[in-house]
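Given the structure is predicted, the values throughout are model-derived calculations rather than measurements. Throughout, a chain's letter reflects where its sequence line sits, starting with A, and its residues are numbered from 1.
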Number of protein chains: 4
Amino acid sequence: MTIRVRSDSPDPIYEQIAGQVVFAVAGGDLAPGDLIPSVRDLAVQLTVNPNTVTRAFQELERLGVIEPRRGLGMAVTPDAPKLCRNRRKELIRDRVRETVRAAASAGLQPADVHKLIDDEWPK
Amino acid sequence: MTIRVRSDSPDPIYEQIAGQVVFAVAGGDLAPGDLIPSVRDLAVQLTVNPNTVTRAFQELERLGVIEPRRGLGMAVTPDAPKLCRNRRKELIRDRVRETVRAAASAGLQPADVHKLIDDEWPK
Amino acid sequence: MTIRVRSDSPDPIYEQIAGQVVFAVAGGDLAPGDLIPSVRDLAVQLTVNPNTVTRAFQELERLGVIEPRRGLGMAVTPDAPKLCRNRRKELIRDRVRETVRAAASAGLQPADVHKLIDDEWPK
Amino acid sequence: MTIRVRSDSPDPIYEQIAGQVVFAVAGGDLAPGDLIPSVRDLAVQLTVNPNTVTRAFQELERLGVIEPRRGLGMAVTPDAPKLCRNRRKELIRDRVRETVRAAASAGLQPADVHKLIDDEWPK
DNA sequence: GTGGTCTAGACCACT
DNA sequence: GTGGTCTAGACCACG
């Protein structure tokens, strides 16, 4: 359960945290019932204000990914894996859609984009 | 020269406007010497705050895509086509890079993304 | 003497426990002199932190509903039935008051609420 | 559009604010397209921290009741009236359900509760 | 002017 | 110990 945030990113920090938890659950690194690090611990680890972590947790709770275990912390919900896989799929599909829109309006063909994908793929 | 803005987009309006001008120039819909609509006209047409249009034009002027023609308005510069084609390429490459990053961290393979591209491609 | 707690309830667990004891006494299911389950037993039975049960018992002792019997545990007091019936009446009145406030501010009439009551009444 | 908060209430202030906006929309005091008071104005008016108001607005935006009009403020959405009437109905039904549960377990009859309702009804 | 994000530090209820 | 709420004050992007 390692989380990294980039404070120079255009995406807000709390969203980065929430997003990485979603991906961790979707990838099986976090299973239902697992307790995620406490607000204070995570805040120290990321050198970020506790309120910022709290806000990330609120978003995750709203999504139904985590739920409070009173006095213990936040635990991954039973439904979380399904929810997170769906959300991950959505996010990727949205990004693909934007890419396609930009590429198509520039006169590119699918094959051109395939090539770009391969060029940018991490080795 | 038709521009459309989506006020519900996460991208700021001034960036949408500037981006569409860049794409229009890169695609040849706007040629060097062409006058683009005045701030006031465009603001009315898009039902947008004139300041917003102004800011888009500032960005375009900074990029060297348009330049003031005293008493006439803003005109597309001689260098604009080359600049805009480069910028268009950058923008697409950035989007591709984001897509690849998201897809790779979700465990997808290049072929999977190729398929997504084809699925989302406008028919 | 069966107690059930909902950990997802907005009401704290210790209050749920105390409340159910009060209702059990008010309803005659627990009579003066009856011993209530020990903190440890109840904690195991409800899969709840013993401290939480302790706090519920403190509240009940403060209300005069239970009292310690050295070496035996906590016993229902002689005054408990009267106290609990009063408290039960208070609790119900509080809930009615909240309901009335919400309904009235929504423009409902007493007759509308009567109908809602009948609809929700357990058959 | 008058909002009042009780800082001594068990309900958090941001929820009180959000709830009153919901009721105002449900009651027709706020119509789609109306701009609600700015964060700063409302904070001053309620002598509350701006962040608290912000949080109420976030909740309302999440519910789809208000949406940002960039540079102008937050506006009531077209769907808001329907959403707010539904939410109001839910809230009342939940309260009624709790009341009925408490009353039934105390051995009361529907008629008894009807009488309590009438007693507590504001004159 | 608007809302959005973040920090710092406090207090509270619950377990 | 845990999360939840609130205040105070700062900076930023956007219109």
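Rounded to an integer number of Å, the gap from D:D8 CG to F:dC6 C1' is 15 Å. As rounded to whole Å, 14 Å separates atom P of F:dG4 from atom CZ of A:R69. One interatomic measurement links the two molecules: CD1 of A:I17 to C1' of E:dT5, which rounds to 12 Å at whole-angstrom precision. Put simply, CD on A:E67 is 15 Å from P on E:dT15, counting in whole angstrom units. What separates CD of D:E59 from C1' of E:dG3 is a distance of 17 Å, to the nearest Å. F:dG1 atom C1' lies 16 Å from atom CG of A:L42, rounded to whole Å. The nearest whole Å value for the distance from the CZ atom in D:R6 to the P atom in F:dC6 is 14 Å. Summarising the geometry, the separation between CD on A:Q16 and P on E:dT5 is reported as 12 Å, rounded to the nearest angstrom.
Here the side chain of A:Q16 pairs a donor or acceptor atom with the backbone of A:R6 at under 3.5 angstrom. In terms of modelled atom types and a separation under 3.5 Å, the side chain of D:Q20 and the main chain of D:R4 share a donor-acceptor contact. Proximity of a side-chain donor or acceptor of D:T77 to a complementary backbone N or O of D:E67 within less than 3.5 Å is not detected.
Remark: DNA chain E forms stems of 3 or more consecutive Watson-Crick or G-U wobble pairs, all pair distances under 3.5 Å, at E:1-14 with F:1-14.
The structure places CG of B:L63 at 10.5 Å from CD of B:E61, a figure rounded to the nearest 0.5 Å.
Remark: A:T99 engages B:T99 in a side-chain hydrogen bond (donor to acceptor under 3.5 Å, both in side chains) (not counting sequence neighbours). Partners of B:R93 by side chain to side chain contact (heavy atoms under 4.5 Å, CB included), not counting sequence neighbours, listed by chain and number: A:L116, A:D119, A:E120, B:R97.
Side-chain contact between B:F57 and B:L60: present, with at least one pair of heavy atoms (C-beta onward) separated by less than 4.5 Å.
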If you look only at distance, which donor and acceptor atoms sit under 3.5 Å apart when one is on a side chain in residues 21-49 of chain A and the other is two or more places apart or in another chain?
unit_1	atom_1	unit_2	atom_2	d
A:D34	OD2	A:A31	N	2.9
A:S38	OG	A:D41	N	3.1
A:N49	OD1	A:N51	N	2.7

List the atom pairs, donor and acceptor, that lie under 3.5 Å between side-chain atoms in residues 7-14 of chain D and the rest of the protein, sequence neighbours left out.
unit_1	atom_1	unit_2	atom_2	d
D:S9	OG	D:D11	N	3.0
D:Y14	OH	D:R55	NH2	3.4

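Heavy-atom nearest nucleotides on DNA chain F were determined for A:D41 and for A:T54, and the one closer to the 5' end corresponds to A:D41.
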5' to 3', nucleotides 7-15 of chain F under a 4.0 Å protein heavy-atom cut-off (B base, S sugar-phosphate only, - none) gives BBB----BS
